[in-house]
Number of protein chains: 2
Amino acid sequence: MGTSISELISEKIDAMSTSERKAAQTLIANYPLIGLRTVAEFSAQAGVSSPTILRFVSRLGFQGYPEFQQALQQELAAQIQSPLNRATIIQSSKGSAAYPLMEAAIENIRETFHHLSTQQLDDATEALSRTRTHVYLLGGRFTDPIAIYMAAHLKIIRSGVTHLTGQESNWRDQLIDMGRKDVLVIFDIRRYQDSLIRFAEKAQARGVEIVLITDQWLSPIARFARHVIAGRTAVPSPWDSSTTLFLMAETLIAGVTHKLQNSSAERIRDMEQLRDG
Amino acid sequence: MGTSISELISEKIDAMSTSERKAAQTLIANYPLIGLRTVAEFSAQAGVSSPTILRFVSRLGFQGYPEFQQALQQELAAQIQSPLNRATIIQSSKGSAAYPLMEAAIENIRETFHHLSTQQLDDATEALSRTRTHVYLLGGRFTDPIAIYMAAHLKIIRSGVTHLTGQESNWRDQLIDMGRKDVLVIFDIRRYQDSLIRFAEKAQARGVEIVLITDQWLSPIARFARHVIAGRTAVPSPWDSSTTLFLMAETLIAGVTHKLQNSSAERIRDMEQLRDG
DNA sequence: TACAAAATGTAATACAAAGTACAAATTGCC
DNA sequence: GGCAATTTGTACTTTGTATTACATTTTGTA
């Protein structure tokens with residue numbers, strides 16, 4: 001009796017065909033409201049035909065679509081009555097070790113933010129918000145994608161953002177343009193890359209303000225960095241997890257966006273016009 | 001716009017007749033679920049006739065009963081479907097609102113994994129572990145860095161991994177080499193990119209098995225995908241958060257690594273020798 | 001490659017629900 | 001208490017939806 005429909009889906013999804021799985025996916029992704037709409041709307045959203053939706057519903061053990069909808073509504077009713085209920089359900093899933101990597105990642109995130117002072121974040125955010133100066137971004141073998149991600153966003157909300165691509169020799173050429181009060185964001189986790197360390201040292205020598213985003217063991221670049229943000233990366237896997245660093249990048253992006261709200265809103269408008277026009 | 005239906009009722013209830021008031025009270029008492037049922041059920045519950053319900057609904061300013069139901073659903077959707085809302089409720093009860101973006105991200109991760117069956121993940125992992133076939137990766141404007149990240153790891157543990165770089169025209173040229181049983185991993189979140197959709201369609205036409213990693217609203221590419229993995233992306237920021245998708249990528253990487261343990265261990269040894277030597 | 005089996009969609013059908021006209025009932029007023 | 005105005009419900013029509021039969025496509029296998 002207590003089995004919720006989303007559990008029911010997880011149980012039976014193995015026995016489902018591709019299209020039926022799409023129906024299941026769509027329902028889960030828009031849970032549960034899409035199931036309360038008509039078969040036609042549900043099927044359109046899932047990109048399958050209506051009979052597929054009906055087969056999906058009957059596979060879940062319902063006699064017909066109305067019966068299925070009634071079950072969904074009852075579930076909803078129970079949820080709405082106690083909004084805290086939901087929180088408890090989520091908490092209780094904490095014990096389930098179905099996804100150890102996920103649990104570890106969440107723990108890492110919590111731990112990282114717990115040890116991080118808002119001051120540190122604010123300082124780094126401020127550095128990235130100085131629109132007079134240039135911001136350069138760079139990452140290592142596995143962290144460069146995060147640098148790219150961050151650059152893609154920063155480029156939209158402010159000018160003077162450059163991601164340093166290619167080989168070390170290419171970066172070095174860029175050094176000539178980097179000077180006092182410019183900002184360099186470096187991502188570096190173990191094994192720390194010599195090329196990054198050398199570059200950071202040279203940049204610092206030119207007076208560049210370095211924001212380092214690294215793991216809990218701290219890259220040697222910390223010596224040269226003005227701002228050091230360290231995130232936990234250890235997970236039960238042969239690889240380290242960079243999810244924490246990724247979220248840190250997003251946090252910085254959000255911070256800069258907020259700080260430059262007025263100017264960036266205008267900038268984004270202009271940009272969309274350029275794109276559409 | 002912002003006026004909720006319950007507010008609407010209190011505004012107009014004075015102008016209502018006795019029976020219409022019964023309808024109003026019934027709706028308030030069972031808010032909002034009774035309004036999502038049929039007119040007949042609503043009228044029975046209120047102890048009035050169906051035309052009275054319809055008159056009540058039209059007095060609230062709706063053109064018809066379906067329009068009224070749609071409004072109710074939108075209200076509900078805002079309440080329950082937004083993880084933000086829940087995150088705010090949960091965190092406010094805990095008192096630690098220092099990092100709302102972090103709280104929301106964690107909530108998104110939990111919610112996503114909770115709705116995800118291990119089978120789905122396993123299937124996708126299996127697809128990425130078939131070393132006989134080629135794996136192509138591709139992402140959108142903001143998600144391509146995740147595709148790059150994933151490719152960087154996969155390249156180490158197995159052969160035949162290609163990240164599709166550059167413009168659409170470049171990808172298209174790669175299509176010629178893609179065929180039945182090859183795998184294409186696509187990251188696509190809103191606003192969904194036409195170029196990606198077009199490419200996915202062409203790839204599917206060639207018999208390529210598509211693994212789609214998308215947001216909760218599902219990219220249209222879901223139509224063409226064999227595996228659909230949907231993660232929540234909404235956070236209290238002007239930007240969507242891709243942290244969940246990033247962790248999903250790491251989870252898949254870990255899964256493939258585990259599955260190819262023996263062969264990949266050897267491969268990594270060889271690779272290190274090449275690097276050192 | 002050809003065949004059988006399974007899956008999926010198209011299109012017609014059956015059904016249920018919303019909407020409407022009008023008659024009955026109720027209420028308010030003189 | 002009788003008349004007009006309003007409210008309410010009944011019975012019917014219209015509309016839209018779930019359902020189903022069947023053709024088509026896809027998939028797996030020899």
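Numbered from 1 within each chain, the chains take letters A, B, ... in sequence-line order.
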- Return each pair, listed once, that meets side-chain hydrogen bond (donor to acceptor under 3.5 Å, both in side chains) where at least one residue sits in residues 168-177 of chain B; pairs must be two or more places apart or across chains. Glu168(B)-Arg198(B)
At what distance, to the nearest 0.5 angstrom, does [atom1] of [X] lie from [atom2] of [Y]?
X: Arg226(B); Y: Leu212(B); atom1: CZ; atom2: CG; answer: 14.0 Å
X: Leu154(B); Y: Thr257(B); atom1: CG; atom2: OG1; answer: 7.5 Å
X: Leu27(B); Y: Lys22(B); atom1: CG; atom2: NZ; answer: 16.0 Å
X: Glu103(B); Y: Ile109(A); atom1: CD; atom2: CD1; answer: 10.5 Å

In whole angstroms, how far is the [atom2] atom of [N] from the [atom1] atom of [X]?
X: Arg21(B); N: dT6(D); atom1: CZ; atom2: P; value: 17 Å
X: Gln70(A); N: dA16(C); atom1: CD; atom2: P; value: 14 Å
X: Glu41(B); N: dA18(C); atom1: CD; atom2: C1'; value: 14 Å
X: Phe56(A); N: dG9(C); atom1: CZ; atom2: C1'; value: 18 Å
X: Leu36(B); N: dA17(C); atom1: CG; atom2: C1'; value: 15 Å

- Task: Give a yes or no on whether a salt bridge exists between Glu201(B) and Arg206(B), defined as a side-chain N under 4.0 angstrom from a carboxylate O.
- Result: no
- Item | Salt bridge Arg232(B)-Asp215(B), side-chain N to carboxylate O under 4.0 Å | no
- Task: Test Asp123(B) against Arg21(A) for salt bridge (Lys or Arg N to Asp or Glu O under 4.0 Å), laying out the working first.
- Result: CA-CA 12 Å; Asp123(B) 288 349; Arg21(A) 234 170 255 178; 3.3 Å; yes
Report, one pair per line, the protein and nucleotides 4-8 of chain C atoms (nitrogen or oxygen only) whose separation is under 3.5 Å.
{"residue": "dT8(C)", "atom": "OP1", "partner": "Ser19(A)", "partner atom": "N", "Å": "3.1"}
{"residue": "dT8(C)", "atom": "OP1", "partner": "Ser19(A)", "partner atom": "OG", "Å": "3.2"}
{"residue": "dT8(C)", "atom": "OP2", "partner": "Ser17(A)", "partner atom": "OG", "Å": "2.0"}
{"residue": "dT8(C)", "atom": "O5'", "partner": "Ser19(A)", "partner atom": "OG", "Å": "3.3"}

Where do N or O atoms of nucleotides 11-18 of chain D meet protein N or O atoms at under 3.5 Å, pair by pair?
{"residue": "dA18(D)", "atom": "OP1", "partner": "Val39(A)", "partner atom": "N", "Å": "3.0"}
{"residue": "dA18(D)", "atom": "OP2", "partner": "Val39(A)", "partner atom": "N", "Å": "3.0"}

